[in-house]
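Worksheet: the structure to be examined is printed underneath.
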Amino acid sequence: MTVKKPIQPSFDEKSCRHILSLSGGKDSTALALYMRDRVPNLEYVFCDTEKELKETYNYLEKLEVHLGKAIQRIRPDIGFDDLLEQRRNFLPSPQVRWCTEYLKIRPFERFIGTDQVVMYVGIRADEPHRKGYISTKPNIHARLPFVEDGLRLKDVMRILEDSKLGIPEYYKWRSRSGCFFCFYQQRREWVGLLETHPGLFKKAMKYERKDPVTGEMYTWVQGESLSELADPKRVAQIKADYEKRRASEPSVLKEASLLSVFEMQCSGERAGCVICHL
Ligand code: SF4
């Protein structure tokens, strides 16, 4: 952990709004705690896709108590189900990620309007590969306090432990925040959804449909439908494959917590985007 020090402004930040966008994940939450006493008038916001896990909503409520401030919920103009219908049930994917655009980025940019904003982003010093939405508008100035101050995963965990807030419940079976059906989930995490929230798994299954025109089947996981994945034999195989992968990993990974393992497996393309999963 580093000693608290004031963030040095790189331009006239006094007249700006200061905003920290939370995803419900550990990094943005730790950043909120880290910045709480450093930046007066910091606004906390959460772009709610309305398809989040209940653990995320509970976690944000607990965080509000720690911050002593309300987290403003920003909701999309059009919900996911209507957006999907407009796209003839063409599910979003890492390659065509329309969900982030409509459920997160546009509502956030509408919320900001033309105001000059300093936006605090929880990218850590040990994840230089991380990229995604930080700012596309000239009136949004991104700051990366963890990178500026050299804070890494262990520091983030320490901030959360020291605050007694801890990490969100869903980290027991899933590596990131976001929609319950997020396509960035690995097969082992889909099994986690099936076992932890069978009702949500069924809802995710219902989104998988055939295009009536092309006959193409839209699935969340490439090459496999959720009904196939939920077959008990397949579930056992996915779990066995996961354990096998873990067993063949270097001892440092074997000793790591599930969360750290997911962290290390989720680099690069699998890392997801900053606004949804930080
Ligand atoms: S969490 Fe996943 S599914 Fe939800 S908006 Fe973000 S990328 Fe899309």
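Predicted model, so just to flag it, every value in this text is computed and none were measured. As the structure lists them, so they are numbered: ligands from 1, and atoms in each ligand from 1.
Residue Gly178 approaches ligand 1 through these ligand atoms, each under 4.0 Å from one of its heavy atoms: 1 (S). The ligand atoms of ligand 1 that sit less than 4.0 angstrom from a heavy atom of Cys99 are 3 (S), 5 (S), 7 (S), 8 (Fe). Close contacts of ligand 1 with Cys179, meaning ligand atoms under 4.0 Å from a residue heavy atom, involve 1 (S), 3 (S), 4 (Fe), 5 (S). Residue contact check: Phe183 has heavy atoms under 4.0 Å from atoms 3 (S), 7 (S), 8 (Fe) of ligand 1.
Less than 6.0 angstrom separates the ring centroid of Phe80 from the ring centroid of Tyr207. Between Phe201 and Phe180, the ring center distance fails the sub-6.0 Å criterion.
Metal site remark for atom 2 (Fe) of ligand 1: Cys182 contributes an N, O or S atom at a distance under 2.8 Å.
Every residue meeting the side chain to side chain donor-acceptor pair (under 3.5 Å) condition with Asp77, not counting sequence neighbours, appears here in chain and number order: Arg110.
Within the structure, ligand 1 lacks Phe80 among the residues with a heavy atom less than 4.0 angstrom away.
The pair Arg124-Glu148 does not meet the salt-bridge criterion, since no charged nitrogen lies less than 4.0 angstrom from a carboxylate oxygen.
Taking the six-membered ring where the residue is Trp, Trp220 and Phe181 present parallel rings, their angle staying beneath 30° rather than reaching 60°.
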